[in-house]
**Q** 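Below: one structure in structure tokens.
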Amino acid sequence: MPYNLNSHTTYYKTPLGIAKIIGNENGIQSVSVLDDDAISDELLNAEIHKCLQECVKQFKEYFNGQRASFNLTVNPKGTKFQIKVWQALLDIPYGKTKSYLEQSKALGDVKAIRAVASANGKNPIWIIIPCHRVIGSDGSLTGYAGGIWRKKWLLAHENPVKQQSLF
């Protein structure tokens, strides 16, 4: 679905690739991840539109381990059902996971597990709407549009293994 003509785009280099951020004064419409070589240095170093500066700031804080939640207006485009699913993703706390089955139950229809998984896969706002926090019922890291290696990295970033003291 095309975005508003008044939308702006910026690119931000993350440890997982280049975040392509699209939004306007009504909120963030899309954040996707691209491979590092997909964008020129000129685009990476371009001036960031005022309406996207806070998003970039919060991404920097997130990747530096200084932010556990985003405080941004999001404005994703999708069906009523998709938006309901994406809204429920926002309720999964930082450092926690939920299974697709648990997510379906929370949405009130255990039989909608495939539809919920499909909606998760169409989430247009990478990390901010945390679909990476949804895992298989057996704990497996299934289904992630950005690649399973990115999902694994994000979950480890949000819940680092703490070394126990021997004394």
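Along the sequence shown, residues carry numbers from 1. Computation of the quantities below employed the complete heavy-atom set of this structure, encompassing side-chain atoms and omitting hydrogens, waters and symmetry-equivalent molecules.
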**Q** Would you sort out whether Ile21 and Thr9 count as a side chain to side chain contact (heavy atoms under 4.5 Å, CB included), showing the intermediate values?
**A** CA-CA 6 Å; Ile21 305 165; Thr9 302; over 6 Å; no
**Q** May I ask you to decide if Gln66's main-chain N or O and Asn64's side chain share a donor-acceptor pair within less than 3.5 Å?
**A** no
**Q** Evaluate the side chain to side chain contact (heavy atoms under 4.5 Å, CB included) criterion for residues Val110 and Leu101: first the C-alpha distance (whole Å), next the side-chain angles of each, then the deciding distance (0.1 Å), finally the verdict.
**A** CA-CA 7 Å; Val110 74; Leu101 180 59; 3.2 Å; yes
**Q** Which residues pass the side-chain hydrogen bond (donor to acceptor under 3.5 Å, both in side chains) test with Tyr144, not counting sequence neighbours?
**A**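 Partners of Tyr144 by the side-chain hydrogen bond (donor to acceptor under 3.5 Å, both in side chains) criterion, ordered by chain and then number, come out as Trp126.
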**Q** Excluding sequence neighbours, so at least two apart, what forms side-chain hydrogen bond (donor to acceptor under 3.5 Å, both in side chains) with Ser118?
**A**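 side-chain hydrogen bond (donor to acceptor under 3.5 Å, both in side chains) check on Ser118 returns Lys122.
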**Q** Any chance you could measure Gln29, atom CD, to Thr73, atom OG1, to the nearest 0.5 Å?
**A**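 Those atoms lie 12.0 Å apart.
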**Q** Tell me every residue that passes side chain to side chain contact (heavy atoms under 4.5 Å, CB included) with Asp37, counting only those two or more places apart in sequence or in another chain.
**A**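 Counting only residues at least two positions away or on another chain, Asp37 forms a side chain to side chain contact (heavy atoms under 4.5 Å, CB included) with Asp35.
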**Q** Give the ring-plane orientation class for Tyr62 versus Phe59, where under 30° counts as parallel, over 60° as perpendicular and anything between as tilted.
**A** perpendicular
**Q** For the atom pair CG (Leu154) and CG (Asn159), what is the distance rounded to the nearest 0.5 Å?
**A**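 Going from CG on Leu154 over to CG on Asn159, the span is 12.5 Å.
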**Q** If you look at every heavy atom in Ile22 and Ser7, which pair is closest and at what distance?
**A** CG2-CB, 3.9 Å
**Q** Can you list the residues that meet the side chain to side chain contact (heavy atoms under 4.5 Å, CB included) rule with Glu42, with sequence neighbours excluded?
**A** Ser40
**Q** Which residues satisfy the side-chain hydrogen bond (donor to acceptor under 3.5 Å, both in side chains) test with Glu54, sequence neighbours excluded?
**A**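 Partners of Glu54 under the side-chain hydrogen bond (donor to acceptor under 3.5 Å, both in side chains) test: Gln58.
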**Q** Which residues pass the side chain to side chain contact (heavy atoms under 4.5 Å, CB included) test with Trp149, not counting sequence neighbours?
**A**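 Partners of Trp149 by the side chain to side chain contact (heavy atoms under 4.5 Å, CB included) criterion, ordered by chain and then number, come out as Leu16.
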**Q** Quick one: closest heavy-atom pair of Gly146 and Val33, and the distance?
**A** CA-CG1, 4.3 Å
**Q** Looking at Glu61, I want to see if its CD is surrounded by more than 12 non-hydrogen atoms of other residues, nucleotides or ligands under 6.0 Å.
**A** yes
**Q** If I compare all heavy atoms of Ala119 with all of Trp86, which pair ends up nearest, and what's the gap?
**A**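 Closest heavy-atom pair between Ala119 and Trp86: O-NE1, 2.8 Å.
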**Q** Would the distance check show the side chain of Gln53 and the main-chain N or O of Ile48 forming a donor-acceptor pair, the cut-off being under 3.5 Å?
**A** yes
**Q** Applying side-chain hydrogen bond (donor to acceptor under 3.5 Å, both in side chains) as the test, list every pair that has at least one member in residues 103-117; sequence neighbours left out.
**A**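 Non-adjacent pairs meeting side-chain hydrogen bond (donor to acceptor under 3.5 Å, both in side chains): Gln103-Asn120.
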**Q** Once rounded to the nearest 0.5 Å, what's the spacing between atom CD1 of Ile148 and atom CG of Leu155?
**A** 9.5 Å
**Q** Can you tell me how far CG of Leu43 sits from NZ of Lys20, rounded to the nearest 0.5 angstrom?
**A** 9.5 Å
**Q** Would you please name every residue forming a ring-ring contact (aromatic ring centres under 6.0 Å, His included) with Tyr12, sequence neighbours left out?
**A**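 With neighbours one apart ignored, the set is empty.
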**Q** Please identify which of these residues, Asn24, Val31, Asn26, meets the side-chain contact (heavy atoms from CB on, under 4.5 Å) condition with Ile28.
**A** Val31
**Q** For residues 91-122, which residue pairs qualify under ring pair (Phe, Tyr, Trp, His ring centres under 6.0 Å), counting only residues two or more places apart or in two chains?
**A**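 Matches after skipping sequence neighbours: none remain.
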**Q** Any side-chain hydrogen bond (donor to acceptor under 3.5 Å, both in side chains) involving residues 43-52? Give me the pairs, sequence neighbours left out, ordered by first then second residue.
**A**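 Matches after skipping sequence neighbours: His8-His49.
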**Q** How far does CG of Leu89 sit from NZ of Lys84, to the nearest 0.5 angstrom?
**A**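 One gets 13.0 Å once the value is rounded to the nearest 0.5 Å.
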**Q** Which heavy-atom pair separates His157 from Gly65 by the least distance, and what is that distance?
**A**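 Closest pair (atom of His157, atom of Gly65, distance): CE1-N, 4.1 Å.
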**Q** Output, in order, the C-alpha distance, side-chain angles, deciding distance and verdict of side chain to side chain contact (heavy atoms under 4.5 Å, CB included) for Phe70 and Leu90.
**A** CA-CA 10 Å; Phe70 291 89; Leu90 295 170; over 6 Å; no
**Q** For Asp36, what residues pass the side chain to side chain contact (heavy atoms under 4.5 Å, CB included) criterion, not counting sequence neighbours?
**A** Lys13, Ile18
**Q** Looking only at non-hydrogen atoms, find the nearest pair between Gly121 and Ala145 and report the distance.
**A**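 Gly121 and Ala145 have their closest heavy atoms at O-CB, 4.1 Å.
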**Q** List, one per line, each side-chain donor-acceptor pair under 3.5 Å for residues 127-141, sequence neighbours excluded.
**A**
| unit_1 | atom_1 | unit_2 | atom_2 | d |
| --- | --- | --- | --- | --- |
| His132 | NE2 | Glu158 | OE2 | 2.8 |
| Arg133 | NE | Glu158 | OE1 | 2.7 |
| Arg133 | NH1 | Ile92 | O | 2.7 |
| Arg133 | NH2 | Glu158 | OE1 | 3.3 |
| Arg133 | NH2 | Glu158 | OE2 | 3.1 |
| Asp138 | OD1 | Ser140 | N | 2.9 |
| Asp138 | OD1 | Ser140 | OG | 2.7 |

**Q** Hey, any chance Ile83 and Val74 share a hydrophobic cluster, counting ILVMFWY side chains that come within less than 4.5 Å of each other, even indirectly?
**A** yes
